[in-house]
Structures are given as structure tokens and as C-alpha cells.
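A short worksheet on the structure shown next.
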Amino acid sequence: MKLTLEGIKDREPWEKAGIVLPGYDVEEVSEKAKREPQWVHFGIGNIFRIFIGGIADGLLEDGAMDRGITCVETFDYDVVDKIYKPYDNLGLSVILHGDGTREYKVLGSLAEAVKAQSSDPAQWNRLKEIFTSSSLQLVSFTITEKGYALQKADGTWFPFVEADIENGPDKAAGAMAVLTAMLYERYKAGRYPLALVTMDNCSQNGAKLRESVLTMTEEWKKKGYVDAGFADYVSDEKTVAFPWTMIDKITPRPSEQIADDLEMLGVEDMQPVITGKKTYIAPFVNAEKPQYLVIEDSFPNGRPALEKGFGVYMADRKTVNRSERMKVTVCLNPVHSATGPLGVVLGYDLFAHMLNTDPDMMKMARMVAYDEGLPVVPDPGILSPQEFVDELFNDRFPNEYLGDTNLRLAVDVSQMVGIRFGETIKAYVEKYGDASRLTAIPLGIAGWLRYMLAVDDEGKKYELAPDPMNEELQEQLKDIVVGKPETFTDQLKPILSNERIFFTDIYKTGLGEKIETMFREMIAGPGAVKATVHKYVGGRQK
């Protein structure tokens, strides 16, 4: 059984193996997307394939959509060569239930895969064709929060952004430059309307995407690469809209065990690959069943019937913002960022296993959400924060079959602490004058900084998860030695006071000294991290 268009023609072995095949004509919906693209997606990794690709697959099955999604990769071109092309753009969705059962489904909704590579004329021209099609209604994104960033923590351009500004649209390399270059093509072709829909986990994500596009446009205008009319085009939200969204589906990296199990069922070539850019990806994607996608309904050129998709809610901007704040600043992501890096230091591989077996870590997780988050969370109305948190702790977080690792939860934390902790801290300052009554959140921040030392609680070294600030932070902390608390002086001050990282000066909130104290306790020696966590959360019942 090969996961190819030819391979799925013989349906019997697939069905015998319990793998559901597309009920629509995959080649037909792909060809229609190539002729008249409607939906383009940037960032075509795991979460896109199982969540966004899964929604599109469901709409195709129900006849609510008649063409697939055009897939565009802006960062890791190996993904196209190793995971899309060899499998004719088919994907295999593996839904993991808490009782150990699985649902297998072949996804045929991914119509074509294009590399956003200006140095490859064929691919670049194909991208221009797609963006100049009047049929195109939306471009969605899962490029992670750092994909939208143009500046470093000190406010200077990233080198690749500086190069993009200097080189202009025809030599664009970064995602934001590529997008802006393609919008310029669309503008020249007829000023066609479009919705640009970021589906990444960041606060007011549509505003963040819009700011990056407008900044790139302004820089190119200064250099004479684009005209004033183009700046007017991208800044008019009635023509180019930037809807806000909230997205939620826990999607761990592909499991080698599942790859083996699929091959035992008879499906060939299922092993994950690690690309040259360290993307861990496979022909299949494994994830939990629950999913939420709340989208601001602002689409100037029309849209597919997204509201018919599983877990999709169409709403106004205020509702989206509240849903996103509920999830990203309180209910889910802060729990991951507070406990994931600590879990690495404590030697726990799997997040669920840690919570299920370590009462202190479970208490800390619950404190972050229930005790410290819920009292200041805005209620979006369409989703109940209390029910959302209850589902997380009763069904989602304990699901060990997901295989979600603490190391994955430690990826890019420097880019997320502002929204995941800073917003709640600011809400406490607004409500109480300072945030000194918080315990689990400052413990999580101290734990993340302790994690940055790359030495576990037993004194063994480990490799940090990818993060654009790893080098900078490690340089700041380089003189601190675990087991020698006297080596810790004022190294945390530049980090905790950096408002570009935390969206606030942590010292002004009443938490700076508290975090320093916790951190000092965590570097006392072997077992100090476990003892510190127990000191601050042990004995608390919730």
C-alpha cells in the first residue's frame, strides 16, 4: 500500500486496514485548485496538514468545497521534496484518543506544493500566477510566531529582513517579504481583494501580520520598489483584510511508533524524516481529536463555507480576541510554557506522563490555569473558559497517547513569554496594583530561565530546543554555575526588565525579586529544582 494517487486506487487493502480514503475525486479537486486557486496556505508542516488540511478535507467530503488548498513553503523546502512530492501531496491523518484508539484518514485536500523561492524562476513564476488569480479568496498562515518578526529584541532588523528590504520584491526570501512581493503582483494585476488569515498562536495575530506587511511595504516604498498606490491597497482593510483568529489543536511531532504501526498495517515508507533545517515531519501527522478555530468573518473576496468545518467558529473581532486571550494567555499555552521547560530540567520526556505522575507539576499546571488565569480571563461567549480548562485537565493534557514532549513545549519560548505570561501579569497589576500574589507563573518564568542553563536537575547537560534567542540568553547567563548560587548576581535583570520579551518590566510588577529568589533556589545543586517546585506548590489542593 503506497500513499500515492496510484496507490489509493485499490481501495480494498486500505479499508481492510481501517484507513478511510477520500470520498471525492482527489485529482479533480487538485486540478481545479491549480486552474482557479481559492485558498493558499503558507507554512505547510504538521499542524497545517492535519488541522487546516483536515478541515478542507471535511468540506470536500461534504461537498461544501470543490477544490483543494494550494500549499506554499517559505522556509524549509525539503518539506516539499521529501513529504509532498513523493506522496503526490497526499497526507495521512492519525487522530489519537485518550483510550488508545486511533482514527486513520487519507487527506486529499492538499492540491499542490510550491516553494516560495525567488531563486527558482519556475516556482517563483508559479507563485505569481497563483496570486494574480482573481479567484483567490484567502491566504492562511501557520509559520509560527517568529515568522512574522522583522526585528530583534533590541529593535534592529534581522539580517535576512535587512537583505529583503535592500534587495526588493524580486529577490524576496523571508516569509513577510515573499508575501508582500506577491501582494504587489496582485495589485498590479487588478487590485483584487483578498483576506490574509494568520492561524498562528499569537495575540491579535491579524494585527501582527498586518503590521509586518505594512512595514515591508513602507520600507520598499522608501527605496522606490513599490508605489504609493500599492501602500494604499494593502492598508485598506476593505480590500486586503487581516482577520484575527484563535487556533487550538495539540499536534506533537510524528511518532516513530505510529510509523512502525502503519508499516505493520501494510502502508509503505511511513518513517519520519528530519530535514536539513531540523523540521521533524512524516507522511502522516498524529494529533488529538479536539480542535478549535475561531475566525473573524472578514473576507473581501468571499470565502469557502468555513463555518461547516469541524471545530470552526466564525465570529467578530472582539469575540476572536477574547477566545484567543482565553487560550493563549490563560488556559492552555501558559500551562505549556510554565511547565514544559521545567519538565526538561526534571528529566521528564512526555508532558502528559509528567502531569500524571508528578503531583507537584500537576498542581503547578492547575495553579497557572485555575488559580492565576481564570480570575482575570475575558469570557468570549462562544466558548466557556471554565469548560475549556476542565476539558484540558480531564481529557487533553492527561492523554499519554499523544506523546507530546516537554522539549517541544520549550521551542521558541522567548517569543511567547510576553503573551503567555506578560498579559496575565499586566491584568493583575491593573486589578490589584501589582502582581505579587502570583506564584505559579513566576515559578514558570524562573523555571524557563533555569532551563536555559542546559543542565538538568541531576547535573547532566542537554541540548536546548530551537529558539531565536538561545545564543543571546545563554551569553547573558554564561557565568551562572549550577551548584554555586554565589555565581548568580544580577544576570536576570536585563532579561526580566526587557519589555520586548515580557511586554512589561517584570520588576515594576512586583515579581522581579520573587523570580530571582526562585531561580537562586533552583541552582543550589542536584535536586534543587524539584525541591523548589515542591516548596512553592506542594501541599496546595486544587
Side-chain angles (χ1 to χ4, degrees), residues 153 155 202-204 207-208 318-319 321-339 341-342 360 363-381 384-386 388-389 413-450 476 488-522 532-542:
C202 37
S203 182
Q204 304 180 359
K208 186 167 274 209
K318 185 178 177 183
T319 304
N321 192 40
R322 287 185 161 181
S323 303
E324 185 271 335
R325 283 179 68 88
M326 176 196 79
K327 178 210 167 213
V328 176
T329 72
V330 171
C331 298
L332 192 156
N333 299 106
V335 175
H336 276 162
S337 293
T339 59
L342 264 175
D360 285 344
K363 281 178 198 164
M364 180 180 170
R366 294 179 73 91
M367 282 171 69
V368 170
Y370 284 104
D371 298 359
E372 300 184 351
L374 283 183
V376 294
V377 71
D379 188 340
S384 154
Q386 181 74 43
F388 190 86
V389 175
V413 171
S414 71
Q415 307 300 291
M416 301 164 179
V417 287
I419 181 61
R420 295 184 179 187
F421 301 138
E423 293 303 320
T424 294
I425 290 169
K426 286 195 292 184
Y428 270 77
V429 172
E430 199 176 319
K431 193 170 180 178
Y432 302 111
D434 66 36
S436 59
R437 65 189 63 209
L438 293 173
T439 298
I441 286 173
L443 188 63
I445 294 170
W448 168 56
L449 293 166
R450 171 64 183 81
Q476 189 66 44
F488 170 48
T489 51
D490 57 0
Q491 292 97 330
L492 299 193
K493 284 199 166 53
I495 302 167
L496 295 176
S497 61
N498 189 336
E499 295 190 23
R500 292 185 74 88
I501 298 177
F502 287 100
F503 300 169
T504 184
D505 179 339
I506 294 291
Y507 290 94
K508 290 178 181 170
T509 69
L511 287 180
E513 287 74 18
K514 192 174 203 171
I515 292 168
E516 285 190 3
T517 299
M518 291 168 164
F519 180 84
R520 183 174 283 105
E521 291 169 1
M522 287 180 180
T532 305
V533 172
H534 183 72
K535 174 183 170 180
Y536 288 99
V537 309
R540 290 171 182 263
Q541 294 304 316
K542 186 74 184 185

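One-based numbering along the sequence shown. Below, all heavy atoms of this structure are taken into account, side chains as well, without hydrogens, waters or symmetry copies.
Residues A440 and V368 come closest through the heavy atom pair CB-CG2, 3.7 Å. Shown here for K514 and L438, the closest heavy-atom pair between the two residues is NZ-O, 2.6 Å. Summarising the geometry of C202 relative to K208, their closest heavy-atom pair is SG-CD, 4.0 Å, with the distance given to 0.1 Å. Nearest heavy atom pair, residue I419 against residue E423, reads CD1-CG, 3.4 Å. Minimum interatomic distance between A427 and V376 (heavy atoms only, all atoms of both residues): CB-CB, 3.9 Å. Residues V335 and A369 share a closest heavy-atom pair of CG2-CB, 4.0 Å.
In this structure, I506 CD1 and E513 CD are separated by 11.0 Å, a value rounded to the nearest 0.5 Å. For the atom pair K327 NZ and R420 CZ, the distance stands at 7.0 Å (nearest 0.5 Å). A distance of 10.5 Å separates CE of M326 from CG of N333, quoted to the nearest 0.5 Å. The NZ atom of K426 sits 13.0 Å away from the NZ atom of K508 when rounded to the nearest 0.5 Å. Rounding to the nearest 0.5 Å gives a distance of 9.0 Å between OG1 of T439 and CG of L511.
R322 is not listed as a side-chain neighbour of D379, based on a closest heavy-atom distance of 4.5 Å or more. Side chains of P378 and P385 form no contact here, defined as non-hydrogen atoms less than 4.5 Å apart. For the pair M522/L443, a side-chain contact is recorded, criterion being any heavy-atom separation below 4.5 Å from C-beta on. A 4.5 Å side-chain heavy-atom check between L496 and L449 finds at least one atom pair inside the cut-off. Contact check for Y507 versus L492: side-chain heavy atoms found under the 4.5 Å cut-off. Between E521 and Y536, some side-chain heavy-atom pair lies under the 4.5 Å cut-off. Contact check for I425 versus I445: side-chain heavy atoms found under the 4.5 Å cut-off.
Within 6.0 Å of atom NZ in K493, more than 12 heavy atoms from other residues, nucleotides or ligands are found, so the atom counts as buried in its surroundings.
The main-chain N or O of E372 is found under 3.5 Å from a side-chain atom of Y428 such that the two form a donor-acceptor pair. A distance-only check finds a donor-acceptor pair linking the side chain of T424 to the backbone of T329 [under 3.5 Å].
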Full working for side-chain contact (heavy atoms from CB on, under 4.5 Å) between M416 and F421: CA-CA 8 Å; M416 301 164 179; F421 301 138; over 6 Å; no
Criterion side-chain contact (heavy atoms from CB on, under 4.5 Å) on T532 and F519, from CA distance to verdict: CA-CA 9 Å; T532 305; F519 180 84; over 6 Å; no
